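Excluded from the calculations below are hydrogen atoms, water molecules and symmetry mates; all remaining heavy atoms, backbone and side chain alike, are included. Not measured: the values here are computed from a predicted model.
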Amino acid sequence: MIKGDSKYTIDNAYIELEGEGGNDFSGLGSPIMVLDESELTVNNSKLITHGLTRTTTHSAGTSVITYNDCELSAISGPSDFFHPVWALGLLGTNRATQIAGTGKVFFNNCKITSNGWGVLCIDGADRGIMEGRNCEVSLVGPRGRGYAAFPERHSSIRLFDSKVRSNGYGFLMDTQGDGGGGYYSNTDVEAGAFGVYIFKDNDGEFKADNGTVIKSKRASFGVSASHTNINLDNVSLLPENGTLIQLQDCDVAGMDAAGLQLPIGEVDVYVEGRDLTKADPNRDVFVNWSNMDVEGNIFNSSPNLDFVFRPFTGEGPEFNMY
């Protein structure tokens, strides 16, 4: 645990921890935690964590961590103790990495794996940056179901010359403009669900280029309740179901929501002044692609019945994520 305004280097370390974390936003149970304005470089090391809601590396404050030639692994055991956001189909009891402040984490020639619900993650942060070069990022195993990468707010996750394998989403994002989003450059992606799933995003950007390949079981891009910019240059989209882009309603409520109240029986009425023949720069989804051939379907959806934040109020089982 490094804090203050410290600068350290760790070489050839092996750290393996086991136990309950309780709250992975706090860094409890993480092999390495860096806080405040500190800087840490980790070389040729192996970090392993077993247990509930705990990560292999935790960054907070404005700290900077650089991992070179390292292996990081979060192992999720069988447990019903914790249930992440159920509407996203997340399973498992931990994620591999976490930025909870405005810090930066860099991975060079690293292997990062999890059999929980996530691998690379910026959650509870505002302007964090996570970047990987020549890395292997894997969400695998019988209990693994979630995302290979997930940034939120004004944070971003970028992968260069890397390989991504995800039992779930290749990339998941819920960001905002002014820096928020994701980037794949010359990266090979295989996803068991959507290649990229974007929800409740407001003016974020997802960018891919330089020969990136996105192979997915479902649509290459699933977008719900978002105003997002998707910019693709020299990218291969290989959706198994033949759908390149699927716009849809959002059924993702809060973590403690028992469900959503759907607008069944309600009529989708015309909104005065809304012209569906013109793109709205403040509301619509914009997809730009160049230097690539695409083949597949595009499904557009633009209902006026916004039910994203309607909590379910009827009778049903009481839900608690713990």
> Could you tell me if Arg143 and Ser76 have a donor-acceptor pair between their side chains, going purely by distance under 3.5 Å?
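The answer is no; no qualifying pair exists.
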> Indicate yes or no: does Glu136 engage Lys163 in a salt bridge with an N to O separation below 4.0 Å.
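The answer is no: the pair does not qualify as a salt bridge.
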> Can you list the residues that meet the side-chain contact (heavy atoms from CB on, under 4.5 Å) rule with Ser156, with sequence neighbours excluded?
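Ile129, Arg158.
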> Under a 3.5 Å threshold, yes or no: a donor from one side chain and an acceptor from the other, between Asn44 and Asn12?
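Side-chain D/A pair, Asn44 to Asn12: present.
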> Any donor-acceptor pair under 3.5 Å linking the side chain of Ser26 with the backbone of Asp24?
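A pair under 3.5 Å: no.
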> Residues in ring pair (Phe, Tyr, Trp, His ring centres under 6.0 Å) with Phe150, at least two apart?
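Applying ring pair (Phe, Tyr, Trp, His ring centres under 6.0 Å) to Phe150 gives Tyr147.
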> For residues Ser162 and Thr187, is any side-chain donor paired with an opposing acceptor at under 3.5 Å?
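Note: Ser162 and Thr187 side chains miss the donor-acceptor criterion.
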> Mind checking what makes side chain to side chain donor-acceptor pair (under 3.5 Å) contact with Asp36, not counting sequence neighbours?
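Partners of Asp36 by the side chain to side chain donor-acceptor pair (under 3.5 Å) criterion come out as none, since no residue qualifies.
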> Could you tell me how the ring of Phe286 sits relative to the ring of His227: parallel (under 30°), tilted (30 to 60°) or perpendicular (over 60°)?
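The rings of Phe286 and His227 stand perpendicular, inter-plane angle above 60°.
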> Examine the side chains of Asn68 and Asn43 and answer whether a donor and an acceptor come within less than 3.5 Å of each other.
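The answer is yes; a qualifying pair exists.
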> With distance as the sole criterion, is a donor-acceptor pair present between the side chains of Asp203 and Asn229 under 3.5 Å?
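Yes, a side-chain donor-acceptor pair sits under 3.5 Å.
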> Under the rule for ring pair (Phe, Tyr, Trp, His ring centres under 6.0 Å), what residues qualify as partners of Phe171, not counting sequence neighbours?
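Partners of Phe171 under the ring pair (Phe, Tyr, Trp, His ring centres under 6.0 Å) test: Tyr184, Phe206.
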> Sequence neighbours excluded, which residues qualify as ring pair (Phe, Tyr, Trp, His ring centres under 6.0 Å) partners of Tyr183?
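Residues passing ring pair (Phe, Tyr, Trp, His ring centres under 6.0 Å) with Tyr183: Phe160.
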> Is there a donor-acceptor pair closer than 3.5 Å between any side-chain N or O of Thr56 and the backbone N or O of Ala96?
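Flag set: sc Thr56 to bb Ala96 pair under 3.5 Å.
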> Restricting to side chain to side chain donor-acceptor pair (under 3.5 Å), what partner residues turn up for Ser138, sequence neighbours left out?
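For Ser138 there are no side chain to side chain donor-acceptor pair (under 3.5 Å) partners, ignoring immediate neighbours.
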> For Thr243 and Asn297, test the side chains for any donor-to-acceptor distance below 3.5 angstrom and give the result as yes or no.
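The criterion, which ignores hydrogens and geometry beyond distance, is not satisfied for Asn297 and Thr243.
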